[in-house]
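Please read these numbers as outputs of a predicted model, since none were measured by experiment.
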Amino acid sequence: MATSGTRGGLRLNAHKERSTTQALRAASPVEKLVLPLDQHAGAPAVPLVKPGERILRGQPIAQPGGTVSAWLHSPTSGTVAAIEPRPAPHRLGASTLSIVVANDGRDERHAGPAPSPFDQLAPEQLRELIARGGIVGLGGAVFPTAAKLNSAAGAADVRLLINGAECEPYISCDDMLMRERARDVVFGARVLLHALAAKTCVIAIEDDTPQAAAALEAAIADAHDERIQLRRVPSIYPAGGEKQLITAIFDVEVPSGGLPADVNTVCLNVGTAAAVASWIRDSQPLTSRIVTITGDGVLEQRNLDVALGTPLAALIYDCGGYTGRMSRLIMGGSMMGQALPHDDMPVIKATNCVIAASALDLQPRAAEMPCIRCGNCAVACPAILLPQQLHWYAKARDLDALETYGLMDCIECGCCDYVCPSQIPLAERFRDMKPALAERLAARTNASAARVRFEARSARLERIESERLAALAKKRQELAKKPS
Amino acid sequence: MLPALLTMVGLAAAAGAAAAFAARRSNTDQDRLIEEIDALLPQTQCGRCTFTGCRPYAAALAKGEADINQCPPGGDATAIALAKLLGREARPVDPRFGNVPANPLVAWIDEAACIGCVKCIQACPVDAIVGASRFMHTVIAAQCTGCELCIPPCPVDCIVMRPASA
Amino acid sequence: MRQVLYALIPTVALHVMFFGPGVLIQIVLGVATALAAEAAALRLRGKPLPPYLLDGSAIITAVLLALCLPPLAPWWLIVSGVAFAILLAKHLFGGLGANPFNPAMVGYAVLLVSFPARLLQWLPPNVAGFEPASLSFVETLTTILTGMPPERFTWDAITSPTPLDALRTDLALGMTMGEAHANAMFSAFGGKGWEWINLATLAGGGWLLALRIIRWQIPVAMLTALFVCASVMSAADPGAYAGPLFHLTSGASMLGAFFIATDPVSAATSERGKLIYGAGIGVLTYIIRTWGGYPDGVAFAVLIMNLTVPLIDRYTIPRIYGHAR
């Protein structure tokens with residue numbers, strides 16, 4: 001599909017240097033870890049252990065509950081304390097079924113599969129092995145990586161895009177990962193290239209991350225792999241949005257309602273690539289991730305390597321505790337992050353950043369005023385929508401117009417909110433209207449499927465009837481021929 | 001006088017051209033109109049409109065032989081959409097053709113009671129019931145349009161309508 | 001919106017320089033009426049007063065209308081025009097953000113249709129070559145408040161048509177462009193005084209563009225369309241039609257392009273739509289000025305194009321990301 005390059009977006013104050021001045025270190029171990037069974041996209045995982053059972057670090061404790069689902073492993077050794085509903089950040093504090101692990105502090109390791117050179121496995125075997133590692137997209141969407149690879153594998157000329165463009169303000173976990181584990185990223189990219197039988201890989205980063213760029217360049221040079229190249233994109237939010245990045249790098253647009261696979265591309269986060277490397281090379285399944293703890297409301301702003309299931313409260317404690325200016329806890333970045341009601345919730349595979357925001361960090365929002373159609377939002381919109389028109393039709397709940405104006409193509413990046421002089425929470429309004437439109441689109445799809453089946457049935461009945469009549473006529477002819 | 005006349009004629013011509021451009025889409029031939037009407041119908045194929053299916057109803061609407069308020073499964077939303085497309089007055093669904101369901105319903109077969117007579121399978125307009133003679137039948141809920149045509153033929157009354165999402 | 005008011009300072013300053021302090025009195029009367037009308041309407045509609053009163057949109061409406069009226073126009077013209085604009089053209093349609101027509105231009109159109117003679121009584125510019133009757137501030141104020149000129153003058157002694165108006169009348173009387181241009185109110189390429197006011201407005205508009213308060217599409221499209229129309233017609237018959245520079249620097253050309261047509265509420269909203277909308281205003285302005293019965297065409301051009309905005313918006317939805325062209 002032809003493009004006119006990337007459009008819209010905003011140059012934002014990134015606030016990343018606050019959390020990148022201190023070197024990465026592991027978070028202090030905690031006594032209890034809470035692992036929600038539905039922390040990935042798709043069907044919830046099904047527990048493999050029972051309360052009271054002793055488990056080891058890296059041992060599978062839940063298996064996929066469907067074709068799109070993921071394995072879950074214990075981040076430490078200990079016992080299963082309970083399998084019960086616990087508040088979870090991706091449910092914004094509502095409870096979801098979780099495995100609670102009591103840490104015994106011994107950190108004994110489960111004997112995983114013996115590592116073997118990945119390039120001696122067939123691509124489909126390698127993809128199955130990646131699924132076994134519990135690996136999901138660590139950019140935030142937590143889509144099971146093996147399922148994504150399976151849906152794109154086999155296409156001719158499929159290409160790999162490793163997304164290191166961490167565009168959202170405050171988040172720096174990918175930047176730190178690339179600085180400190182560039183070799184893992186490159187090794188992971190090579191594994192993924194083999195798993196996809198792909199020939200090219202682009203690692204994309206923003207042009208304001210010189211240390212990460214240098215580390216990746218060195219790692220790519222060391223790997224002597226000519227299939228991998230590093231590309232820089234301007235740091236204009238949301239440059240790291242999947243669709244925006246694909247357009248910036250390959251100059252194609254992902255079709256509306258489609259997937260990157262439709263333009264022969266598989267897009268994975270740098271953290272995902274590093275997790276693949278740890279699993280395939282070191283037999284370490286995905287049981288920890290790098291989390292940015294930042295914001296003016298926490299004493300020490302930094303990145304930590306955190307075991308999944310660690311309570312957010314423990315992370316804050318690890319960083320010196322809250323300051324007096326703490327005002328709101330946010331999971332994710334300042335543009336698309338979601339406010340959490342409290343900190344008694346675990347780090348999950350999707351937790352890239354925790355902002356303990358003070359009033360200084362929060363966009364002060366004045367009272368909402370009517371839209372004056374100034375069009376600043378349309379200039380900022382990376383999806384080339386007209387938010388001022390969508391707003392009007394969302395207020396009127398006019399689903400026809402919302403469909404015409406492309407509501408489902410909104411990526412909820414929040415650029416329109418940010419520039420709105422009338423302080424209208426546009427992205428939130430659009431998010432609220434999407435289910436109603438999605439329902440109508442689904443009804444339409446079902447209706448056309450029903451029509452196809454009805455027409456097939458009608459044709460079948462007609463054919464059967466005409467065959468019956470033909471057989472009858474033939475029989476009559478034969479009877480007539482027979483001398484009586 | 002002349003410039004004023006020319007100005008008015010010119011403006012009228014420009015406005016007329018704009019209106020013609022806007023109206024271009026509605027200038028369709030009969031077959032395309034039937035397609036457009038059919039696309040608005042819910043494809044339940046239930047026949048409650050008194051026609052044998054959605055497309056025959058669409059054809060009748062296109063010819064002006066049916067009213068826009070004869071489709072209970074589509075509800076008022078469909079009636080309004082049809083009125084808009086055909087430029088007729090919007091009215092709620094006429095209750096003589098049946099009640100508008102508040103929530104979408106799908107058929108459900110009590111498999112313990114089913115005797116495997118295949119009568120419902122023959123009645124289903126969209127092939128949403130599977131089974132074989134003297135084996136129990138079941139409704140593929142995702143493909144059921146809720147037309148209720150399978151209910152009268154059942155000799156043991158083992159089919160009931162249930163909310164779609166349950 | 002405060003910047004929009006700042007951007008009008010050069011225009012107002014030159015207005016005072018060429019036509020005396022009348023415009024300042026008109027602005028004060030207009031703004032006071034606008035705030036009173038806005039407050040009354042908000043109170044009646046049960047809306048909070050401070051955010052709406054302070055956003056400046058009512059003040060801009062009043063200032064734009066004040067700049068369009070003759071400096072010595074009686075007080076009830078500006079008061080009734082602004083009240084009509086705010087109460088009927090704005091709040092009856094739903095207030096801020098919901099008015100389909102530009103309120104200031106609705107107010108102007110109502111006044112022009114109701115009191116055409118009063119709106120034609122402009123003043124001669126205070127430049128060399130003229131000996132305009134110079135009114136003191138007090139005399140100006142009493143003229144506006146009483147509706148009568150000071151005793152030592154008659155209306156005819158102190159008023160003068162605008163260059164646009166004069167040219168239209170002269171051409172209608174059968175004069176050629178050359179003969180009409182012999183009048184002392186014309187300079188090399190425009191009308192004396194007016195050309196400087198328009199250039200000052202252009203400067204203010206350019207400042208708004210640089211600040212990205214307004215976007216370039218509407219002003220550029222409108223001025224280009226006006227330029228092209230005037231160029232074509234004056235090239236075809238230089239004796240009968242004024243040239244493009246005259247049109248660009250006369251009347252409300254620049255005010256319309258940068259401050260009136262760019263009102264986002266009543267304008268087309270997509271980028272392509274703004275180009276069409278702006279060009280439409282430019283063409284209609286030229287047509288109304290040249291063949292119409294009114295001294296300037298900007299107000300009616302804007303109002304007519306306001307009518308077409310829903311149609312323009314419908315046909316200029318940009319290609320959404322991921323959709324085929």
Side-chain angles (χ1 to χ4, degrees), chain A residues 38 42-44 65-69 94 256-257 386 389 392-408 432-469 471, chain B residues 25 34-47 51-59 71 73-78 80-85 90 101 103-107 118 120-130 139-150 164-165:
Chain A
D38 62 349
T67 39
V68 177
S69 187
S256 174
L386 295 173
Q389 300 289 79
W392 186 260
Y393 294 118
K395 251 165 88 173
R397 308 190 74 80
D398 182 342
L399 293 179
D400 287 326
L402 287 172
E403 187 185 347
T404 309
Y405 280 89
L407 177 68
M408 297 315 277
D432 289 350
M433 282 309 291
K434 275 185 179 179
L437 184 56
E439 195 180 314
R440 163 193 276 221
L441 295 178
R444 195 180 297 160
T445 312
N446 288 345
S448 58
R451 177 173 41 226
V452 168
R453 289 200 311 278
F454 175 68
E455 280 162 6
R457 176 177 178 271
S458 306
R460 187 183 71 224
L461 293 181
E462 225 168 84
R463 197 191 66 228
I464 291 171
E465 180 64 12
S466 66
E467 278 171 5
R468 193 181 66 81
L469 289 177
Chain B
R25 208 190 67 89
I34 296 176
E35 288 293 336
E36 281 181 34
I37 299 170
D38 200 27
L40 293 178
L41 297 174
Q43 304 301 327
T44 358
Q45 317 294 354
C46 63
F51 297 91
T52 51
C54 295
R55 204 184 163 85
Y57 177 41
C71 179
D76 293 346
T78 296
I80 291 168
L82 288 173
K84 208 163 150 189
L85 176 68
N103 290 307
L105 299 174
V106 292
V118 305
C120 61
I121 295 181
Q122 288 163 355
C124 179
V126 292
D127 288 342
I129 305 180
V130 288
V139 177
I140 307 168
Q143 301 195 344
C144 176
T145 62
C147 69
E148 303 183 11
L149 292 180
C150 52
S165 51

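With a 4.5 angstrom heavy-atom cutoff, B:L40 does not touch chain A via any of its atoms. Only the backbone of B:P42 comes within contact range of chain A, judged by heavy atoms closer than 4.5 Å.
When the candidates B:A128, B:C124, B:A77 are compared by the number of heavy-atom contacts under 4.5 Å with chain A, B:C124 comes out ahead.
Along residues 453-465 of chain A, the residues that come nearer than 4.5 angstrom to chain B, judged on non-hydrogen atoms, are A:R453, A:F454, A:R457, A:R460 in order of number.
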Donor-acceptor pairs under 3.5 angstrom involving side-chain atoms of residues 139-149 of chain B: please list them, not counting sequence neighbours.
{"from": "B:T145", "atom 1": "OG1", "to": "B:T44", "atom 2": "O", "distance (Å)": "3.0"}

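Here the closest non-hydrogen pair linking A:A450 and B:Q43 is CB-O, 3.6 Å.
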